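The sequence lines fix the lettering, A, B, ..., with proteins before strands; numbering per chain opens at 1. Note that the structure is predicted; figures quoted are calculated from it, not measured.
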Amino acid sequence: MAAAAIKTAPRLARDFFARPALVVARELLGARLVRIEDGQRLGGLITETEAYSGEEDLGCHCKAGRTPRTRVMYGPPGHAYVYFTYGMHWCLNFVVEVEDYPAAVLLRAIQADEGISVIASRRVGVPSAHWTDGPAKLSRALHLDKAFNGADLCAPDAMLFLEAGAALPDSLVSMSPRVGLNNVPEPWKSNPWRFRVLQNATEALRAG
DNA sequence: AGCACGATTAACT
DNA sequence: GTTAATCGTGCTC
């Protein structure tokens, strides 16, 4: 797809994020993630998210309460929470709900369509279908790391932000348990707080 | 100071 | 299906 065919849309503002994590996670599907690097737009349409909300959610990092790592999740909504895991991976979240209540939406996959040549250079040897189909993969593709932890997504000069997309009907969305919570007790392990755009719908998104 | 584990990925068998 | 890579984080001693 030619870059010229991509239309910019209104940015998602703070009030979009200041809602329950489950609502934000669902509505982010179809929205556009944009990261400005060296004056160039990198990004794509969001196809998979997960919701994490509250200290009582034992799948959430904030089950440990306020710590140096979780500090930004207790801050105001509309900021990035970027954490490091497995000794080598960065994962991007968006802080949601209200200040002093820890909640975030994990970005698990995007359909990249801007800055493709830059993304390709970071994913040498990997088929394009797998460039950004995992939380750590998309962070690597867009060069997102701890430098973005706490970044305000709603600032006028933000280098990382979201743009509104077309609303997706429920028929194109699947809900399932969150990934990677194998040692987390029920019911949090099985709560269907993972949201995905169905495969065939992803193709439709790509076509526009 | 030491330890076990992790909101993952890629490369195996 | 299994497992190594690799180190920050939060917990225990």
Pairwise C1' distance, C/dG1 and B/dA7 [rounded to whole Å]: 23 Å
Atom P, compared across B/dG2 and C/dT6: separation rounded to whole Å: 22 Å
What is the distance, to the nearest angstrom, from the [atom1] atom on [X] to the [atom2] atom on [N]?
X        : N      : atom1 : atom2 : value
A/Leu138 : B/dA7  : CG    : P     : 16 Å
A/Glu55  : C/dG10 : CD    : C1'   : 14 Å
A/Arg178 : B/dT8  : CZ    : P     : 11 Å
A/Lys189 : B/dA7  : NZ    : P     : 14 Å
A/Asp145 : C/dG8  : CG    : P     : 13 Å
A/Arg71  : C/dG10 : CZ    : P     : 12 Å
A/Trp90  : C/dG8  : CH2   : P     : 8 Å
A/Asp133 : B/dA7  : CG    : P     : 19 Å

Minimum-distance nucleotide to A/Tyr52 side chain [options: C/dT6, C/dC7, B/dA7]: B/dA7
Checking contacts here: which listed nucleotide (C/dG10, C/dA5, B/dA10) is nearest the side-chain heavy atoms of A/Ala64? C/dG10
NA contact type, [X], heavy-atom cut-off 4.0 Å: base, sugar-phosphate, or nothing?
X        : value
A/Arg69  : sugar-phosphate
A/Leu181 : sugar-phosphate
A/Gly59  : base

So, the side chain of A/Arg35 versus the backbone of A/Leu142: is there a donor-acceptor pair under 3.5 Å, distance only? yes
Counting only N and O atoms by type, is there a donor-acceptor contact under 3.5 Å from the side chain of A/Arg26 to the main-chain atoms of A/Phe195? no
Answer yes or no on whether A/Arg14 is positioned over the face of A/Phe17, meaning its NZ or CZ is under 6.0 Å from the six-membered ring centre and within 45° of the axis. no
Side-chain donor-acceptor contact under 3.5 Å, A/Tyr81 with A/Thr70: no
Is [X] near enough to [N] that one of its side-chain N or O atoms lies under 4.0 angstrom from OP1 or OP2?
X        : N      : value
A/Asn183 : B/dG6  : yes
A/Arg123 : B/dA10 : yes
A/His89  : B/dT9  : no
A/Lys137 : B/dA10 : yes
A/Arg140 : B/dT9  : no

Report the base-pairing partner of C/dG8 (Watson-Crick or G-U wobble, both distances below 3.5 angstrom), or none. B/dC5
Flag yes if more than 12 heavy atoms outside A/Arg66 fall under 6.0 Å of its CZ atom; otherwise flag no. yes
Whether A/Arg41 and A/Glu114 form a salt bridge (side-chain N of Lys/Arg under 4.0 Å from carboxylate O of Asp/Glu) is what I want to check. yes
Could you pick out which residue, A/Val184 or A/His130, lies toward the 5' side of DNA chain B when each is mapped onto its nearest nucleotide? A/Val184
Centroid distance under 5.5 Å and plane angle under 30°, A/Tyr86 vs C/dA5: no
